[in-house]
2 protein chains.
Amino acid sequence: MGAELRLRVLVVDDEPQIRKALEINLRARGYGVELAATGEESLLLAAERPVDLALIDLGLPGIDGIEVVRGIRGWSDLPVIVLSVRESEQDKVEALDAGADDYVTKPFGMAELLARMRAVTRRSAGRDGEAAVLVAGELVIDLAARTVSAAGQPVSLTPIEWRLLEALARHPGKLVTQRQLLQQVWGPAYERETNYLRVHFANIRRKLEPVPAQPRHVITEPGIGYRFQL
Amino acid sequence: MGAELRLRVLVVDDEPQIRKALEINLRARGYGVELAATGEESLLLAAERPVDLALIDLGLPGIDGIEVVRGIRGWSDLPVIVLSVRESEQDKVEALDAGADDYVTKPFGMAELLARMRAVTRRSAGRDGEAAVLVAGELVIDLAARTVSAAGQPVSLTPIEWRLLEALARHPGKLVTQRQLLQQVWGPAYERETNYLRVHFANIRRKLEPVPAQPRHVITEPGIGYRFQL
DNA sequence: GAGAGGCGTCAAGAACCCGATAAGGCCGCT
DNA sequence: AGCGGCCTTATCGGGTTCTTGACGCCTCTC
């Protein structure tokens, strides 16, 4: 399994010198490198060419780096390291809570960056393959295409509904705590707002479950969280 | 108090002031905190009491912080954040390659640390751990999915019941004292309320044991505690 | 053999959690 | 401006869970 698959890295930075420097260093270490100069470009690239890791600069023209992170997190759990000249705690917190796995302030040493890259890829190494479509009775959920259909009919979910369903469906059968859901969908400041979950899961069940009062797939574990039952 | 499902953090640092400061800040944020001053102590604690995250100082007397990280990585993939005054790249690389998930140099801002803690726990929460399934006769306990079934039938446990069963099942065969159980499930202020244990274990046995009056798996050690028999 | 302490059982009230529903505000679209 | 979708917020009822106290049985000690 340890067959030296070369990892592919997406580098997003608007300064050509930094792009060049990173490209040279990473290629020398055996990484494959994709380059993007703007947020728009990076999102397109990430969608069409699968990469294993993204290095994203915060100070981008156009779409901000934070938005790029959010955009990526919307449909994948690709490891993301943010690079930035901004040293303020608020910037770091914002980027990390947007879904970044690490935050490195420029200027940084190449050895440290490489070590941090190894650390975050190590974590996500054990992920599943592309089990992107999941079938549960009359329910069909396509995680990649972001589509759901119940009893053959396509169902349209609101953004929040989709993120909640996705958080459950990514780990079928496993229990996801209220805290995890609130943190993933709304952010760490909303960990106590369990009423959000009640309202939105009620809406989800109304759309997906044949008998919303007796849900078969979106199960609630009182006092703990929710579970997606296949 | 409500059934707070809080994350438990192990703090390893030899300076009492830093331990205290971290403890106060983390508790205020709703984390459970275990403290250790030396590497030896921390390894013992980590093995005995399950925590969800470890904050480890590098400059420890006795066993070095790096060795603590390696020790933990030897048997678990617990998220680990290293705290250190050392700023050299070599120290960072060494710690990260030893298995640490992040490296924060002192002094650091509390907001940043909390954000980095959220980032690493978010990662490790999502991955499907190795099948942590425990089979004891007609009992099947899935610690990862948080499900229990007896004689093929799924059993639903209340939050407190689950936490008690989990505390026993994480160390099959080992004796867990009443004090440990009360402290883990209800908090340190409830160490005397052994009647809670009697009531809830009676309910657990009623749900799990074929003959609740003659329990085969949830064994009580009079005057000391309880034990999970495989 | 008597007493004390620990344990299991039971039941009742309080506290808690969930689902349902609806009103109000915000935003984008026409 | 008007409209509609979406999210937030509040309230209510019903069901479950937790706590608390009481009682009887067992075992261990004196």
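Naming: A, B, ... by sequence-line order, numbering from 1 per chain.
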Can you tell me the distance, in whole Å, between the CD atom of E161(A) and the P atom of dT8(D)? 11 Å

Enumerate the protein-to-nucleotides 24-30 of chain C contacts in which both atoms are nitrogen or oxygen and the separation is below 3.5 Å.
none

The criterion is salt bridge (Lys or Arg N to Asp or Glu O under 4.0 Å); which residues satisfy it with D102(A), sequence neighbours excluded? R116(A), R116(B)

Going by the rule side chain to side chain contact (heavy atoms under 4.5 Å, CB included), which residues pair with T147(A) if we only count those two or more places apart in sequence or in a different chain? D142(A), A145(A)

Is any side-chain heavy atom of R170(B) closer than 4.5 Å to a side-chain heavy atom of L143(B)? yes

In numerical order, the residues of residues 223-230 of chain B whose heavy atoms come under 4.0 Å of DNA chain C are G223(B), Y226(B)

Do any pairs count as a salt bridge (Lys or Arg N to Asp or Glu O under 4.0 Å) and have a residue in residues 194-211 of chain A, sequence neighbours left out, and if so which ones? E161(A)-K207(A)

Would K106(A) and D57(A) pass as an ion pair if we require N to O under 4.0 Å? yes

Would you say the rings of W162(B) and H200(B) are close, in the sense that their centroids are separated by under 6.0 Å? no

As a check of understanding: the bend across the helix from dG1(C)-dC30(D) to dT30(C)-dA1(D), end axes from five pairs, rounded to 10 degrees, works out to 30°

Do L164(A) and L181(A) have side-chain heavy atoms sitting under 4.5 Å apart? yes

Between R19(A) and E15(A) (salt bridge meaning N to carboxylate O under 4.0 Å), is one present in this structure? no

Side chain proximity check, I56(A) to L83(A), heavy atoms < 4.5 angstrom: no

R198(B) atom CZ is separated from dA22(D) atom P, nearest whole Å, by 14 Å

Contacts satisfying salt bridge (Lys or Arg N to Asp or Glu O under 4.0 Å) that involve residues 185-196 of chain B (not counting sequence neighbours) are R179(B)-E191(B)

Rounding to a whole Å, what distance do you find between L164(A):CG and dC7(D):C1'? 12 Å

Residue among V51(A), V69(A), V120(A) satisfying side-chain contact (heavy atoms from CB on, under 4.5 Å) with L78(A): V51(A)

Length of the CG-P vector between L182(B) and dT19(D), whole Å: 10 Å

Just to be sure I understand the rule, does T194(B) reach a base, reach only the sugar-phosphate, or reach nothing, if contact means heavy atoms closer than 4.0 Å? nothing

Atom pairs, protein N/O to nucleotides 13-16 of chain D N/O, distance under 3.5 Å:
none

Selection from dT20(D), dT8(D), dC7(D) that lies nearest to any side-chain heavy atom of P159(A): dC7(D)

Test item: M117(B) and P79(B) side chains (from C-beta on) under 4.5 Å apart, heavy atoms: no

Distance check needed: dC17(C) P versus R192(A) CZ, whole Å only. 12 Å

Over how many whole Å does the gap from I160(A) atom CD1 to dC7(D) atom C1' extend? 6 Å

Only pairs at least two apart or in different chains count here, so list each ring pair (Phe, Tyr, Trp, His ring centres under 6.0 Å) that has a residue in residues 210-230 of chain B. F201(B)-Y226(B)

Give a yes/no on whether any side-chain N or O of Q178(B) is located under 4.0 angstrom from OP1 or OP2 of dG6(C). no

For dT9(D), take OP1 and OP2 only and decide whether either is under 4.0 Å from a side-chain N or O of Y196(A). yes

Are side-chain heavy atoms of L208(B) and V155(B) found at a separation under 4.5 Å? yes

Show every salt bridge (Lys or Arg N to Asp or Glu O under 4.0 Å) that has at least one partner inside residues 217-227 of chain B, sequence neighbours left out. E221(B)-R227(B)

State plainly whether the residues R163(B) and E166(B) are in salt-bridge range, i.e. N to O under 4.0 Å. no

Nucleic acid contacts of residues 199-217 of chain A, taken as heavy-atom distances under 4.0 Å to DNA chain D: V199(A), H200(A)

By salt bridge (Lys or Arg N to Asp or Glu O under 4.0 Å), which residues pair with R216(B), not counting sequence neighbours? none

Nucleotide dA11(C), atom P - distance to CG of N195(B) in whole Å: 18 Å

Within this structure, what is the CG-to-P distance between L197(B) and dT20(D), rounded to whole angstrom? 13 Å

Judged by nearest nucleotide, the residue sitting upstream toward the 5' end of DNA chain D, W186(B) or Y190(A), is Y190(A)

